[in-house]
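All remarks here apply to the structure that follows.
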2 protein chains.
Amino acid sequence: MPSMDVTGHISGLGEDAPHHAAASGASSERRSKTGAVSIRDVARAAGVSYQTVSRVINDQAGVKPATRDSVRDWIDRLGFRPNQAARALARGHTRAVTVLTSNTTLYGYAATLQGIEEAARASGFSVGIRVLDSPEPADVKATVEREVDPAVGSVIVIAFDVAGVHALRSMPPGVALAAAVEASEATRRHPYPCVWVDDRTAAAEATKYLLGLGHQTVHYVAIPYLTQVSDRAAGWRTALREAGVRVPRAVRGGWTPQSGYEAGRKLAADERVTAVLCGNDDLALGVLRAMREAGRDVPSDVSVVGFDDAPQSEFYAPALTTVRLDFVGLGRDCFRLLHAQEEPSHATARLIVRASAGPARRR
Amino acid sequence: MPSMDVTGHISGLGEDAPHHAAASGASSERRSKTGAVSIRDVARAAGVSYQTVSRVINDQAGVKPATRDSVRDWIDRLGFRPNQAARALARGHTRAVTVLTSNTTLYGYAATLQGIEEAARASGFSVGIRVLDSPEPADVKATVEREVDPAVGSVIVIAFDVAGVHALRSMPPGVALAAAVEASEATRRHPYPCVWVDDRTAAAEATKYLLGLGHQTVHYVAIPYLTQVSDRAAGWRTALREAGVRVPRAVRGGWTPQSGYEAGRKLAADERVTAVLCGNDDLALGVLRAMREAGRDVPSDVSVVGFDDAPQSEFYAPALTTVRLDFVGLGRDCFRLLHAQEEPSHATARLIVRASAGPARRR
DNA sequence: CTGAAAGCGCTTACAG
DNA sequence: CTGAAAGCGCTTACAG
């Protein structure tokens, strides 16, 4: 693979920008050691006590409008910004949530994070993020211990995989916690609230759809999971059994198109394979390529269905029939649930029929 | 588009998990109002002053090993976790960085975030994230004002777009700031350090590559940008001019495959179009589909080159020739730069030649 | 409507 | 090697 190199650069200044210049005309040039403008500086300038300033910045009632305006004015002029650490300490908590996840680039994870952030922002919460780079229980536990502070904020874990589930297990007691998980995890006994998408039912529906197209059976390329079978695999298997149809071995895949491609090559070599359900769209993309290379046309020779409905899947060749999961909504609900807000709307899954699956060939 | 609905659920318990049970055998059942174990609780249990506990948790030298062990032991038994807010307040700063970005799901952004998080974690920094949902200067400014606290932490802005650049412009003085930007932004005068990838050179190289394949000229589908031309567009145009070749109008696209598809339809209708460079891989994916639908084969009828090298692009049909940008490395460098760490390695861009571009037809 | 006091849980000099 | 004091910048009752 030929390549040309084009290097990028790093530019910058050696020094920090100067601190905010003191307001002109003010007699209150005194600054605390940190160099930042404090509530007392504002109070002095406005000629009130610092408690009044506190009331103003917290939008509390009971401040004479004229006083409030004057304080606000001085806040702007001095460039005052409340110190969040001091607030958190005095209040006993922060409006903050930290999300633990093993990944930030895979579509499902990124979209869930987006939903969490959206909801958190709407509620005035700040959001922290920490990735679990190793799925080893000891590593996950160490990260959790280091990162989670029950006294300071709440936590959400995106537990679509082993690392996430371990994080849930090693969470110290007393932390405000919510999780986004697979259905089977949600139904199990646990001391935290969680949101989930019913992968199992969705996978069963997709399988039935394929069977309804006349395929003798449906093959499955699995995403990794901690237990032998994930919910998606379970839904697929159940649908096959209920239809009284042969249940093939699931092919184990990873999270990437590459692993889908490898799985697809095996499947393509088997003449009997006419329909394959994939654990996610990336896997499906790899399978699509494997089929193409093997000269097996999709959908006339083999039907392929994905999972997730990533934004790109509609443009694959052919357009991918897939199960749409509302990850953004899931993340949003997860945050709302954590903070006991009402109307936690449903996370929904539905099959989006496009061009990658079609009727089985007549034999 | 037919669909079947499969609803998901929310499960959970009404109450929080109980707080950590008090250690057995300890005579120090007294807890502060917050209910959390404090440094004083540990000190009392271990029979030392709380300053000593502070030394232990900060790994400071000058504590007798036996004392240290005893304190550590009590920390574990009582489940003590230092309150980060109190630490931040006492220290005058936090080991925290908050990243401002307009998006968390697009590949380039997500990968940059990943790099930042990696580097931050390695340095013991926590990372916060805030998305700039509106590109309006006033909205961006409001978010910055609300979110950024010079006294508490540093900030990184991912400024690949208008929103990010506005965030940079409205940053209050005195904050420790670094940015990931386009080259033209980096070379301009600014009071903060930044990392950048040389998009301009990379785009020029890609254009020359296409010209070298014998194409009369190269068309360009642009990603959005604040100014008339982005660096990528500028590099493309310059290469064309230097080759003394006709410079077509750039087609304005968005960030999505859909917008690439729309741009692609226009291009496909023009017989003279035989080579198109796209501002990102998603755009290229849309162009690929438009060409296919128009019956124009890629690469024999028209060559298509992308930008970014998202993990999926290798599996597109045909495999996409594209410019690989090391976003993860860029994010990592950005964090290191912010904290003045040495060896800020280069972010590199290089053309990855695959199957979507080929020789021009002989006329 | 506004102010004086106490305290949130740590760290940072300063003593000993 | 260890302890007593002061203080980080706020908020939260409590007075007036």
Side-chain angles (χ1 to χ4, degrees), chain A residues 28 30-71 74-75 78-96 149-153, chain B residues 28 30-72 74-75 78-96 149-153 174:
Chain A
S28 51
R30 196 129 309 170
R31 285 291 160 66
S32 67
K33 293 170 190 177
T34 58
V37 182
S38 83
I39 207 179
R40 291 175 214 262
D41 297 319
V42 176
R44 208 178 299 124
V48 297
S49 72
Y50 59 84
Q51 287 84 349
T52 298
V53 178
S54 173
R55 281 180 197 109
V56 172
I57 62 180
N58 289 298
D59 284 324
Q60 284 173 24
V63 179
K64 192 161 55 171
T67 309
R68 181 177 300 269
D69 290 346
S70 160
V71 170
W74 280 106
I75 285 173
L78 298 175
F80 167 73
R81 328 228 47 249
N83 180 312
Q84 299 303 334
R87 281 188 137 162
L89 182 56
R91 285 175 173 158
H93 68 272
T94 341
R95 291 176 78 75
D149 186 351
V152 165
Chain B
S28 53
R30 197 130 307 166
R31 286 292 161 65
S32 67
K33 292 171 187 176
T34 58
V37 182
S38 84
I39 206 179
R40 291 173 213 264
D41 297 320
V42 175
R44 209 178 298 125
V48 298
S49 72
Y50 60 83
Q51 288 84 348
T52 297
V53 178
S54 173
R55 280 182 197 106
V56 173
I57 63 180
N58 289 298
D59 285 322
Q60 284 173 24
V63 179
K64 191 160 55 172
T67 310
R68 181 179 299 271
D69 290 346
S70 160
V71 169
R72 288 226 173 98
W74 279 105
I75 285 173
L78 298 174
F80 167 74
R81 326 230 45 247
N83 179 312
Q84 298 303 335
R87 281 189 136 161
L89 182 57
R91 285 176 174 158
H93 68 272
T94 343
R95 291 177 79 74
D149 186 350
V152 166

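Keep in mind the model is a prediction, meaning the values are calculated, not measured. Below, chain A is the first sequence line, B the second, and so on; all start at residue 1.
- Applying the side chain to side chain donor-acceptor pair (under 3.5 Å) criterion to A/Arg91, with sequence neighbours excluded, gives A/Asn58.
- Using a 4.0 Å cut-off, some side-chain N or O of B/Thr52 falls inside it from OP1 or OP2 of D/dG3.
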Quiz item: Could you write nucleotides 10-16 of chain D as a row of B, S and -, 5' to 3', where a protein heavy atom under 4.0 Å of any base atom gives B, of only sugar-phosphate atoms gives S, and otherwise -?
Solution: BBB----

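- Spacing between atom CG of B/Asp41 and atom P of C/dC8 amounts to 11 Å, rounded to whole angstrom units.
- Of the residues near DNA chain D, B/Pro65 and B/Leu89, the one whose nearest nucleotide (by heavy atom distance) lies more toward the 5' end is B/Pro65.
- Taking CZ of B/Arg40 as the reference point, atom OG of B/Ser49 lies at 10.5 Å (rounded to 0.5 Å).
- Side-chain N/O atoms of B/Thr67 include one lying less than 4.0 angstrom from OP1 or OP2 on D/dT2.
- Side-chain contact between B/Tyr50 and B/Ser54: absent, with no pair of heavy atoms (C-beta onward) separated by less than 4.5 Å.
- In terms of phosphate contacts, B/Ser49 brings no side-chain nitrogen or oxygen within less than 4.0 Å of OP1 or OP2 of D/dA4.
- Side-chain contact check for A/Thr67 versus A/Arg55: every heavy-atom pair is 4.5 Å or farther apart.
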Quiz item: When you look at B/Arg68 and B/Val48, which way does the side chain to side chain contact (heavy atoms under 4.5 Å, CB included) test go after all the steps?
Solution: CA-CA 10 Å; B/Arg68 181 179 299 271; B/Val48 298; over 6 Å; no

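- By the 4.5 Å heavy-atom criterion applied to side chains, A/Ile57 and A/Arg87 are counted as neighbours.
- Both key distances under 3.5 Å define a Watson-Crick or G-U pair, and stretches of 3 or more such consecutive pairs in DNA chain D run C:1-3 with D:14-16, C:5-12 with D:5-12, C:14-16 with D:1-3.
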